[in-house]
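Here's the structure we're looking at; comments come further down.
In what follows, chains are A, B, ... by sequence order, proteins preceding strands, each numbered from 1.
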2 protein chains.
Amino acid sequence: MKRKITLKDIARELDVSISTVSKALKNSDEISRDTKEKIQAFARLYNYRPNNIAISLKNKRTKNIGVIIPDIVHHFFTTVFRGIEKYANGCGYNVIACISDESFDKEVINMEMLANGSIDGFIMALSAGTQLKKDYNHLKQVTDQGIPLVLFDRVTDEVACDKVVINDAEAAYLAVKKMIQHGRKRIALLTSEAHFNVSEKRAEGYYKALKEHNLPIDEELVLVLPHMYDEEKISERFFQQVDIDAVLCVNEIYAVRSMRHLQNQGKRIPEDVAVIGFTDGILSRLASPSLTSVAQHGELMGETAARLLVDRIEADYQDLEEPVYRTEVIRASIVERESTDST
Amino acid sequence: MKRKITLKDIARELDVSISTVSKALKNSDEISRDTKEKIQAFARLYNYRPNNIAISLKNKRTKNIGVIIPDIVHHFFTTVFRGIEKYANGCGYNVIACISDESFDKEVINMEMLANGSIDGFIMALSAGTQLKKDYNHLKQVTDQGIPLVLFDRVTDEVACDKVVINDAEAAYLAVKKMIQHGRKRIALLTSEAHFNVSEKRAEGYYKALKEHNLPIDEELVLVLPHMYDEEKISERFFQQVDIDAVLCVNEIYAVRSMRHLQNQGKRIPEDVAVIGFTDGILSRLASPSLTSVAQHGELMGETAARLLVDRIEADYQDLEEPVYRTEVIRASIVERESTDST
DNA sequence: TATCAACACGAAACCGTTTTCGTGATTGTT
DNA sequence: AACAATCACGAAAACGGTTTCGTGTTGATA
């Protein structure tokens, strides 16, 4: 087992000082050509690589960024993560991933773990628990310490930091408007509990579209699904009770399940009922009929978040005092497939 | 902006030595009650947290584990990742995630990045590129340096390390056998290119089941799908040409797509054709009809890999020379749903 | 009263780098 | 020949901890 070789080893072996080795490997012109070549050759031969930890300690920067997401088995977060990873790696950063599992406590623990020097900055989406509790002290502590933080998708106004969001309300508005323009009049909304601010935004867009087109707002057509195991039955009953010609669902799972329940009742999609979901993932593509869906462009969102964070980190190192935080908006787009009327 | 407080700060403030502070915070009984209380109170007040990087450098252990997976937007890897993260966090380890994107080069770069002190051990599944190239030198370098490595799912015999695999061949065998026992005779196989050793194993099980039940092996019923964008058309044509009463697919995407093509031809599932897929993900659950699927228990696989790795890491620290590597087998199970005959 | 533990704490080395500041040797200048 | 400037390198501090090994003080014992 070959142990890792250090500067000290090279220095001892070649009978020079550690500083000389360090400089030689950096190609400093303080060192003579001869010595540099000798040292570089030796280092190459023994495959010398500087120890990241020591460099981190010395430089007070780790080139790691911490990502905390509520759930990894979730298409949207997964694509965001990929976007982050892609951009970060491109800048020489590693990504340390933690999953909060929608729990406030886990979120706090993970942040504390990482905040003690392991990372140069955070990218995160708030867990459901945190949004419910409305306690953002752990985030404030982090920013108070001067650690850059970027929130995405599930954000809050209570914390001053960079943010990346999508135009949820507008996307929902456009989706509903499109269905109305195709003559749909009784449009249902399947949403999740309101403390997810994204659901709230989407509902907002739904109401706005109805109002603008003078359609009655019927609360019976709005189903708020709790985050539980018998979701499925609840939504099945819902579709038996209401008489509708279109549905907007706040995610693709709800949408696919809705299509199934409707089909079981003998309804045709899209002839009898049009369906639009959010989250343009694999389900939307492979459902039958394939699902018209609001694409959230998670990968772009991740890249954007990573860009904001890296910018902030590097700015910090140049002491550019510039405490103006940015919020970037990713524009969702509607991917039309078979579950809605073709134009 | 409150800067992070260090041992030195506390020592200066309280007019004691750094060593005293360090010991007091560790509750060493070398320090008097009075002094300890004073120091601990001060530390609590100023919310002192030791710097992870400094500890890592001193202890030569980072409490980080590196995970390299080929793709994050993939249900199976996602669940494995979650299992790893869950177990690792339970032991106080963080997970650094890198995505190789199925590329040999990215895999190498990521490993080198992490191997220089950032992590205590690796968990990974080989990228397609690496399996194609059959070049495992980067893995060997890592193990040569004494860095523990655990391979999962996509493994190779060429590297001596701990491994976690599933009984792919057997699972495929059992799936096909089940269909045969229900009277199915013309069973197709949809697989991907063979350099993914998992596909190979699954095909192996398929052939074995046919042979054992004296069914003819008809290569026309085997479709090897290339990893391309017009996969879909190829499989559509395939189903138009063959006359079958069952299909085994090596993943759930192929399976759902197959069902769709079959349904478009007017075939009923499972009455006319039974379908079984691999990877029991969200698609299998939400497809209609819902898909009978081989569950790979990714989360368990991840936990197992993490357990093996952590064991190995901690053993290393106790210098237990024990170079016997283990291979754990996760037993896949078949989740029966609507796409096959109910028993 | 001299001796000796036990006690409570500090000095210093160390982990592997980077970086500043000397310094001895060589070279060039007058 | 005396001096300055340049060159090539080394010593040492620093990053923030942990840990070993003193050491001065105290109280008990012979």
Residue whose closest nucleotide on DNA chain C lies nearer the 5' end, T20(B) versus T20(A): T20(B)
Which is the 5'-most and which the 3'-most nucleotide of DNA chain C that has an atom under 4.0 Å from a heavy atom of chain A? dC15(C) to dC21(C)
Using the salt bridge (charged side-chain N to carboxylate O under 4.0 Å, His left out) rule, collect all pairs that involve residues 46-58 of chain A, keeping only residues at least two apart or in two chains. none
Is a side-chain donor-acceptor pair under 3.5 Å present for S103(B) with S100(B)? no
Under 3.5 Å side-chain donor-acceptor pair for T20(A) and S17(A): yes
Any chance CG of N27(A) has more than 12 other-residue heavy atoms, nucleotides or ligands included, within less than 6.0 Å? yes
Considering residues, nucleotides and ligands other than K140(B), do more than 12 of their heavy atoms fall under 6.0 Å from its NZ? yes
Table of protein N/O atoms under 3.5 Å from nucleotides 12-15 of chain D N/O atoms:
residue : atom : partner : partner atom : Å
dA14(D) : N3   : K58(A)  : NZ           : 3.0
dC15(D) : OP2  : K8(B)   : NZ           : 3.0

Non-neighbouring partners of F104(B) that pass ring pair (Phe, Tyr, Trp, His ring centres under 6.0 Å), sequence neighbours left out: H138(B)
Of the residues in residues 23-45 of chain A, which ones touch DNA chain D at a heavy-atom distance under 4.0 Å? K23(A), E30(A), I31(A), S32(A), T35(A)
Tell me what S22(B) touches on the nucleic acid: a base, only sugar-phosphate, or nothing, going by heavy atoms under 4.0 Å. base
Taking atom types as modelled, find out whether T130(B) and E107(B) have a side-chain donor-acceptor pair closer than 3.5 angstrom. yes
Can you tell me which residue pairs pass the ring-ring contact (aromatic ring centres under 6.0 Å, His included) test with a partner in residues 13-33 of chain B, sequence neighbours excluded? none
Residues passing the side chain to side chain contact (heavy atoms under 4.5 Å, CB included) test with V310(A), sequence neighbours excluded, are Y87(A), C91(A), Y93(A), E314(A)
How would you list all residue pairs meeting ring-ring contact (aromatic ring centres under 6.0 Å, His included) that involve residues 2-45 of chain A, not counting sequence neighbours? F42(A)-Y46(A)
Sequence neighbours excluded, the answer for salt bridge (charged side-chain N to carboxylate O under 4.0 Å, His left out) partners of K23(A) is E30(A)
Can you name the salt bridge (charged side-chain N to carboxylate O under 4.0 Å, His left out) partners of K163(B), sequence neighbours left out? none
Difference in axis direction between the ends of the helix from dT1(C)-dA30(D) to dT30(C)-dA1(D), five pairs, 10°: 80°
Got a sec, which pairs hit ring-ring contact (aromatic ring centres under 6.0 Å, His included) with one end in residues 141-162 of chain A, sequence neighbours left out? none
